[in-house]
Amino acid sequence: MKTDPGRFFEDFRIGDTIRHATPRTLTVGDTALYTALYGSRFAVQSADAFAGAVGYPRSPVDDLLVFHVVFGKSVPDISLNAVANLGYADGRFLAPVYPGDTLTAVSEVIGLKENSNRQTGVVHVRTRGFDQHGTPVLEYCRWVMVRKLAERARPHREEVPSLPDAVQPASLGLACPQIDGSAWSDALSGSPHRFGDYRAGERIDHVDGMTVEEAEHQLATRLYQNTAKVHFDGHAAAGTRFGRRLIYGGHVISLARALSFNGLANAFHIAAINGGRHVAPLFAGDTVYAWSEILETADLPGRKDVGALRIRTIATKNQPCADFPGRVEGGYHPAVILDFDYWALIPR
Amino acid sequence: MKTDPGRFFEDFRIGDTIRHATPRTLTVGDTALYTALYGSRFAVQSADAFAGAVGYPRSPVDDLLVFHVVFGKSVPDISLNAVANLGYADGRFLAPVYPGDTLTAVSEVIGLKENSNRQTGVVHVRTRGFDQHGTPVLEYCRWVMVRKLAERARPHREEVPSLPDAVQPASLGLACPQIDGSAWSDALSGSPHRFGDYRAGERIDHVDGMTVEEAEHQLATRLYQNTAKVHFDGHAAAGTRFGRRLIYGGHVISLARALSFNGLANAFHIAAINGGRHVAPLFAGDTVYAWSEILETADLPGRKDVGALRIRTIATKNQPCADFPGRVEGGYHPAVILDFDYWALIPR
Amino acid sequence: MKTDPGRFFEDFRIGDTIRHATPRTLTVGDTALYTALYGSRFAVQSADAFAGAVGYPRSPVDDLLVFHVVFGKSVPDISLNAVANLGYADGRFLAPVYPGDTLTAVSEVIGLKENSNRQTGVVHVRTRGFDQHGTPVLEYCRWVMVRKLAERARPHREEVPSLPDAVQPASLGLACPQIDGSAWSDALSGSPHRFGDYRAGERIDHVDGMTVEEAEHQLATRLYQNTAKVHFDGHAAAGTRFGRRLIYGGHVISLARALSFNGLANAFHIAAINGGRHVAPLFAGDTVYAWSEILETADLPGRKDVGALRIRTIATKNQPCADFPGRVEGGYHPAVILDFDYWALIPR
């Protein structure tokens, strides 16, 4: 058969290394589309002149655009038959990506666990993205629930990997050059609040809401060459329990990050993804809001230019976040769709 | 508070100078999106080879894209709490912008007038856009009705600025290099009609209609990093008197300008904006049509390459313009949404 | 009159050569949008690094993007008053197009035939696209049914051109440099199947479905500067027999081609278009599926790097293609919307 049916749970073996197809050159065309899709305003990524002044050769590609493209490469091999994308951990941005760079991706199977219903199992992978020089630019783990083709099939070996709750501050910052804080204009960046102005426990309502259209998430998800059919096939979706297309979870992450500018304007670089959970699905027509809690603040060993904020961003749908809807007894407030834990760098 | 609530009427003082956040590098990614959003066909902006032949180093960025980006920068500081964008005047394009240039913007408060209801007031600003070398590329005035936070608050000093009805021809053309009319191909530009073929009083129905979708105006408005929530938050909009998202008025200007190609194909450069009024709101699903009247024709002192047409473009919704709907006793024909008065340059 | 009413059937003469307006520089902005619109994943067009390894100086612009832009230029002159786009033949890609190249187009009228109803006639044109050096990049024939303005008008001379059923293999490949098959990574391209793995008569269901939104096809069609009003004017469309906007047929071709990656991943270059027929219209909200049959396999004289597959791709709406819906007695399966016959090159 020439078409690719994707791997089923029993097709994975721990230790498998899968080189993903379709290398992708990112360009200023992609970065313009990213701006049009999310309205992101972080100055380093928005303006070559600003990036150049503070220490980059030019504006780097938005960290999440890099993430989505690397993620997209892995979909045909890892999650074409996935029921659900369960979580992320240990994500680290390892080198900046600039327009003109070509990304490729490789995944390693690091865990397998069949579900008790014998219909599905959880596959854990570590995915790495590389540029055209072979330099690793991103690495992260994710786990997905994947269908079995044959109920009787058994996994070759089961094991659930142990992954860190959070990336250690000492390993942050590889994708961030030395930042010249004296050249950093707070007027241009949009906020006077720097590292020292944030405190663990602080909560920020990002205020604004963004309604999502079918055309928007489809454009985004195709831009990432993510082929998961649940995002595109409205005809097939009509027969599912949701009755409509599901929006790629990464689209929500990017929306929440763009909304978070209002309150975190100087937190310019996502250095690591500690964890992420898509609590509920988002559909076209829904409006996304977000709020964040500063979980932790950290110094970066050997660096005096930037500090790190560990940020937990909660996104909701159709519910503004003035009262910080989040975890409740037994789960989450019903409006919550995303619980995302990451490290961002911010100038001192 | 780390989030920005925006300025209220009483927060402005005449003479305030506000440097806006988020510098923005415009690229060929932005110009491609601009084409996809409006279908603009003016040859100078569409083709480096055409632009190069007639006197530009390469295709400049569309004038209205420059306008929208500069305007967008001013929104968080000027009009986040605006009730309505009332008008524009004295807009002049001062230097061409090319892909790769980074724009910043600064506004000066030039007028304040409280409304008699004490709930709102009108703020007049002069906004200037600059490139990365500090060269001014655009300057225009606008006035917006802004909410007061406290009814009892009083403006520091009230004054309504005197602004010209139209920009003087002598100050047009700074953003346009010397054009080599002999290299200007009418076959390629799409029309044989040059400066001498237009007469004051002439009316042109631009014929075509363009229906607008939610995804389109959202993509556009985010591309401009314009953060006015009325354009994006469908959940909140459901509770307003309109019941839905409002489309950014600049989107209508760009649609009308693109439609005007059919009849004004050689009027390649917007040199000045004399005035503009958003007569009624546009909503997704509406179809925009446009017609223009040549108000005036003018020589540019010292230039024999191009002349200037003063054009008044009226845009309507859901009503073709064969019978030129416009001003009527007591206001406008109910289909009119935009009344826009500008100077365009056109080869002789 | 300054607006262009377009040509009617009686305005064409056999032998007329029409130079089309609006030259267009294609950039990485356009290629990014093309990816976002269709999710295409062919490695040569997706990654400069892959293209560079196998023999291109960098990623060429997708063949169909070149086709759409050249086609778009011809619309105002050829098909503004068209009732239907009837077919294509003898299409050949003659030189690669790279970001930065500027395209222009010229059409020659090669056939005319009035319909018996005297209301319309069929116009046959050969359209050629050129880059900024005057190098031809694409040539194809199409025929369209065009309205007459005056029923009594008669065509100057009638003649129906004789066009080949298919382009000869000997004339394929001009737009494809020598490909280094040893540098072609099947892991990166997404398939191990090369020229020798396909057989005439083989059928491939491309499996995936893609739902189309109004905003998407409008963005695409405007990107191509295609001005046919049936795609954009929802207000006027409400009064037609379809009651809504028609989607540009080329949008369907691009969707089908992108879907065909799943089964034809190494068939990286469209070398020729043998024929194409838009069997039924597509509307927003419909989901497109596709399947292909290998009609023929052919060597290219003098080339050992690549072979040619003659592929017939059928696209359907709202009907998956597992049972290969196609021609039936008296016409087509009711779900079929496109029957497209082309030559693609694939490494040996």
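Chain A is the first sequence line, chain B the second, and so forth, proteins listed ahead of strands; every chain is numbered from 1. Any value given below was found using the heavy atoms of this structure, including those in side chains, with hydrogens, waters and symmetry copies removed. Computed from a predicted model, the values in this text were never measured in an experiment.
The candidate from A/Gly234, A/Ala36, A/Gly72 with the greatest count of non-hydrogen atom pairs under 4.5 Å with chain C is A/Gly234. Contact tally against chain A (heavy-atom pairs below 4.5 Å) for C/Ser185, C/Gly285, C/Ser46, C/Gly263: the top residue is C/Ser46. Per-residue heavy-atom pair counts under 4.5 Å with chain A were compared for C/Pro192, C/Ser189, C/Ala215, C/Ala187, and the maximum is reached by C/Ala187. Between chain C and the options A/Lys229, A/Arg19, A/His235, heavy-atom pairs under 4.5 Å are most frequent for A/His235.
Pairing each heavy atom of A/Asp62 with each of A/Ser40, the nearest pair is OD2-OG, 4.0 Å. Closest heavy-atom contact between C/His68 and C/Ser254: NE2-OG, 2.7 Å. In terms of heavy atoms, C/Ser292 sits closest to C/Thr313 at OG-OG1, 2.7 Å.
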Worked check of ring pair (Phe, Tyr, Trp, His ring centres under 6.0 Å) between A/His251 and A/Tyr38
CA-CA 9 Å; A/His251 197 68; A/Tyr38 305 109; 4.9 Å; yes
Run C/His193 and C/Asn266 through side-chain hydrogen bond (donor to acceptor under 3.5 Å, both in side chains) and show every step you take.
CA-CA 7 Å; C/His193 303 296; C/Asn266 283 332; over 6 Å; no
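In this structure, A/Phe12 CZ and A/Asp77 CG are separated by 8.0 Å, a value rounded to the nearest 0.5 Å.
For A/Pro5, no part lies under 4.5 angstrom from a heavy atom of chain C. Proximity to chain C involves both the backbone and the side chain of A/Thr3, based on heavy atoms less than 4.5 angstrom apart. When heavy atoms are compared at a cutoff of 4.5 Å, C/Glu202 approaches chain A solely by way of its side chain, counted from C-beta outward. Proximity to chain A (any heavy atom under 4.5 Å) is shown, for C/Ser191, by neither the backbone nor the side chain. Looking at C/Ile204, the atoms closer than 4.5 Å to chain A (heavy atoms on both sides) all sit in the side chain, from C-beta outward. Heavy atoms of C/Pro320 lying under 4.5 Å from chain A belong exclusively to its side chain.
A salt bridge does not link C/Asp197 to A/Lys2: none of the charged side-chain nitrogens sits closer than 4.0 Å to a carboxylate oxygen.
Contact residues of residues 218-228 of chain A toward chain C are A/Gln218, A/Leu219, A/Arg222, A/Leu223, A/Gln225, A/Thr227 (heavy-atom distance under 4.5 Å). The interface of residues 237-249 of chain A with chain C, defined by heavy-atom distances below 4.5 Å, comprises A/Arg245. Residues of residues 20-32 of chain A having a heavy atom under 4.5 Å from any heavy atom of chain C, listed by number: A/His20, A/Ala21, A/Thr22, A/Pro23, A/Arg24, A/Thr25, A/Thr27, A/Val28, A/Gly29, A/Asp30.
Cation-pi geometry between A/Arg257 and A/Phe42 is satisfied (NZ or CZ under 6.0 Å from the ring centre, within 45° of the ring normal).
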Listing, residues 50-58 of chain C side-chain donor-acceptor contacts under 3.5 Å, not counting sequence neighbours, or none:
none

